[in-house]
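Heavy atoms only: backbone and side chains are in, while hydrogens, waters and symmetry mates are out.
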Amino acid sequence: MPRFFVTKDRIEENIIHITDADAHHIARSLRMAEGDEITVCDRLGKEYRCTLSRIRDEECIASIIEETVSSAEAPVSITLCMAYPKGDKLETVIQKAVELGASRIIPFESSRCIKRPKAEKAEKQTARLERIAEEAAKQCGRAVIPFVTQPMSYKQMLDEAALASLSLLCYENEDGLTVKGALSGRSLPESISVIVGAEGGFSPEEVALAIEKGCISVSLGNRILRCETAPLYALAAISYEYELR
């Protein structure tokens with residue numbers, strides 16, 4: 001069933017107003033008819049099963065049949081902090097991170113980043129990443145669109161990551177605690193931050209600063225993972241520990 005997102009102010013009693021590009025998509029691309037069913041999400045975790053009662057290019061009106069709380073959201077709020085990788089890898093990471101339950105993505109610069117965002121293009125690039133997150137949320141049946149922040153410095157990112165109940169730094173040279181060890185036996189935290197480096201990983205100075213801020217250095221196993229694989233591995237481990245019960 002087609003899925004759309006609206007802000008709360010578009011919902012009035014048992015009527016939902018769908019406008020702009022989504023209305024055009026319903027009318028022209030999907031060629032839907034009055035009486036067809038769609039799912040509308042309020043971006044806050046609620047889903048509405050609706051029938052279309054009016055279809056126009058500029059606005060469609062949907063009548064609510066049923067309201068439910070989404071079961072697709074993770075039981076813990078997860079922030080993925082991802083250092084800028086080369087090429088379009090960040091787009092792939094965001095798409096898959098949304099599927100794996102991340103609720104926020106923070107792109108950041110670290111000392112070993114090869115690619116660095118250009119300040120004059122940051123707003124446009126973030127808007128593109130937000131669209132990718134929204135499309136991924138629609139595809140995987142989520143009721144919330146994960147938030148993609150503007151690019152941050154390493155220290156800015158650490159300040160944000162440290163606000164979580166549990167903050168994990170995925171470090172390739174960690175030879176003690178594994179991500180499994182950090183999660184096992186721990187009661188469900190309210191929030192988790194996962195920090196992943198770019199192709200070159202983290203410098204010793206960056207690791208020391210992260211630990212000083214309260215982050216826990218963890219290993220993702222004995223194999224060296226690509227920077228686009230590591231965050232997905234960590235998110236899958238969190239899902240396994242706290243969702244698949």
Side-chain angles (χ1 to χ4, degrees), residues 1-80 82 88-107 117 120-151 228 231-232 235 239 243:
M1 187 183 300
R3 177 175 294 260
F4 300 91
F5 289 90
V6 298
T7 51
K8 197 69 174 178
D9 62 309
R10 296 288 185 177
I11 304 173
E12 299 176 358
E13 296 182 355
N14 66 329
I15 296 296
I16 299 178
H17 299 266
I18 303 171
T19 59
D20 304 324
D22 282 341
H24 189 272
H25 186 60
I26 289 171
R28 297 293 179 176
S29 300
L30 298 179
R31 297 185 179 276
M32 301 190 79
E34 293 178 6
D36 286 350
E37 289 193 10
I38 60 173
T39 298
V40 181
C41 305
D42 66 358
R43 299 172 184 256
L44 299 174
K46 286 187 177 180
E47 296 182 351
Y48 302 87
R49 187 165 65 91
C50 307
T51 56
L52 289 165
S53 55
R54 180 177 184 271
I55 297 176
R56 299 289 187 276
D57 285 356
E58 66 283 357
E59 182 183 52
C60 296
I61 295 177
S63 301
I64 298 173
I65 302 172
E66 181 182 27
E67 174 185 330
T68 58
V69 175
S70 174
S71 60
E73 297 306 313
V76 56
S77 175
I78 307 170
T79 296
L80 171 63
M82 182 71 201
D88 59 359
K89 293 177 183 177
L90 182 59
E91 297 180 4
T92 300
V93 168
I94 287 176
Q95 181 190 67
K96 303 308 178 187
V98 171
E99 294 179 28
L100 289 167
S103 52
R104 184 169 66 148
I105 296 102
I106 300 178
E120 65 274 15
K121 295 183 178 180
E123 188 172 337
K124 184 177 180 180
Q125 290 173 341
T126 301
R128 173 171 172 74
L129 296 176
E130 288 174 337
R131 289 194 297 272
I132 290 170
E134 180 172 352
E135 288 304 313
K138 289 179 179 178
Q139 182 276 323
C140 70
R142 292 187 60 173
V144 173
I145 302 174
F147 180 58
V148 182
T149 74
Q150 291 285 329
E228 66 269 31
L232 310 183
L235 292 173
S239 177
E243 284 194 88

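- Using a 4.5 Å heavy-atom threshold, the side chains of P2 and I26 count as separate.
- With values rounded to the nearest 0.5 angstrom, D22 atom CG is found 13.0 Å from R3 atom CZ.
- Side-chain N or O atoms of R142 include one that pairs as donor or acceptor with a backbone N or O of V98 at under 3.5 Å.
- Although no hydrogens or angles enter the test, the distance criterion places no donor-acceptor pair under 3.5 Å between the side chain of S239 and the main chain of L235.
- Partners of E66 by salt bridge (charged side-chain N to carboxylate O under 4.0 Å, His left out), not counting sequence neighbours, listed by chain and number: R49.
- S70 places a side-chain N or O within 3.5 Å of a backbone atom of A72 that can act as its donor or acceptor partner.
- In this structure, CD1 in I61 is found 11.5 Å from OG1 in T51, a value given to the nearest 0.5 Å.
- Legend: side-chain hydrogen bond (donor to acceptor under 3.5 Å, both in side chains) pairs involving residues 128-139, not counting sequence neighbours, sorted by first then second residue: E91-R128.
- In terms of heavy atoms, D57 sits closest to A27 at OD1-CB, 3.4 Å.
- The distance from the CG atom of D42 to the CG atom of D9 is 11.0 Å, given to the nearest 0.5 Å.
- The minimum heavy-atom distance between R28 and R31, with the atom names listed, is O-CG, 3.2 Å.
- For the atom pair S63 OG and Y48 OH, the distance stands at 14.0 Å (nearest 0.5 Å).
- Side-chain atoms of V40 and I38, non-hydrogen and from C-beta on, do get closer than 4.5 Å to each other.
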For a quick test of your reading: what N or O donor-acceptor pairs under 3.5 Å do the side chains of residues 10-20 make, sequence neighbours left out?
| from | atom 1 | to | atom 2 | distance (Å) |
| --- | --- | --- | --- | --- |
| H17 | ND1 | E59 | OE2 | 3.0 |

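- Contact check for E37 versus I65: side-chain heavy atoms found under the 4.5 Å cut-off.
- When all heavy atoms are compared, the tightest approach of A137 to F5 is CB-CZ, 3.9 Å.
- Atom NZ of K124 has 12 or fewer heavy atoms from other residues, nucleotides or ligands within 6.0 Å.
- Two residues are said to be in side-chain contact when any heavy atoms from C-beta on lie closer than 4.5 Å; T126 and P151 meet this criterion.
- Atom CD1 of I55 is separated from atom CE of M32 by 7.0 Å, given to the nearest 0.5 angstrom.
- The side-chain hydrogen bond (donor to acceptor under 3.5 Å, both in side chains) contacts involving residues 95-107 comprise S77-S103, T79-R104, R104-E160, where partners must be two or more places apart or lie in separate chains.
- Inter-residue side-chain proximity for T68 and K46 is flagged as unmet; no heavy-atom pair is nearer than 4.5 Å.
- Put simply, CG on L30 and CG on L52 are 9.5 Å apart, with the number rounded to the nearest 0.5 Å.
- Salt bridge R54/E34: absent, no basic N to carboxylate O contact under 4.0 Å.
- Counting heavy-atom neighbours within 6.0 Å of E123 CD, excluding the residue itself, gives a total of 12 or less.
- The minimum heavy-atom distance linking V144 with P146 is given by the pair O-CD, 3.3 Å.
- You'll find the side chain of I105 stays beyond 4.5 Å of the side chain of F147, heavy atoms only.
- Listed by chain and residue number, E199, E228 satisfy the salt bridge (charged side-chain N to carboxylate O under 4.0 Å, His left out) test with K89 (two or more places apart in sequence, or in another chain).
- The two atoms that bring M1 and T39 nearest to each other are SD-OG1, 3.2 Å, heavy atoms only.
- The heavy-atom pair separating G101 from I78 by the smallest distance is O-CD1, 4.2 Å.
- Judged as a salt bridge (charged side-chain N to carboxylate O under 4.0 Å, His left out), and not counting sequence neighbours, K121 has no contacts.
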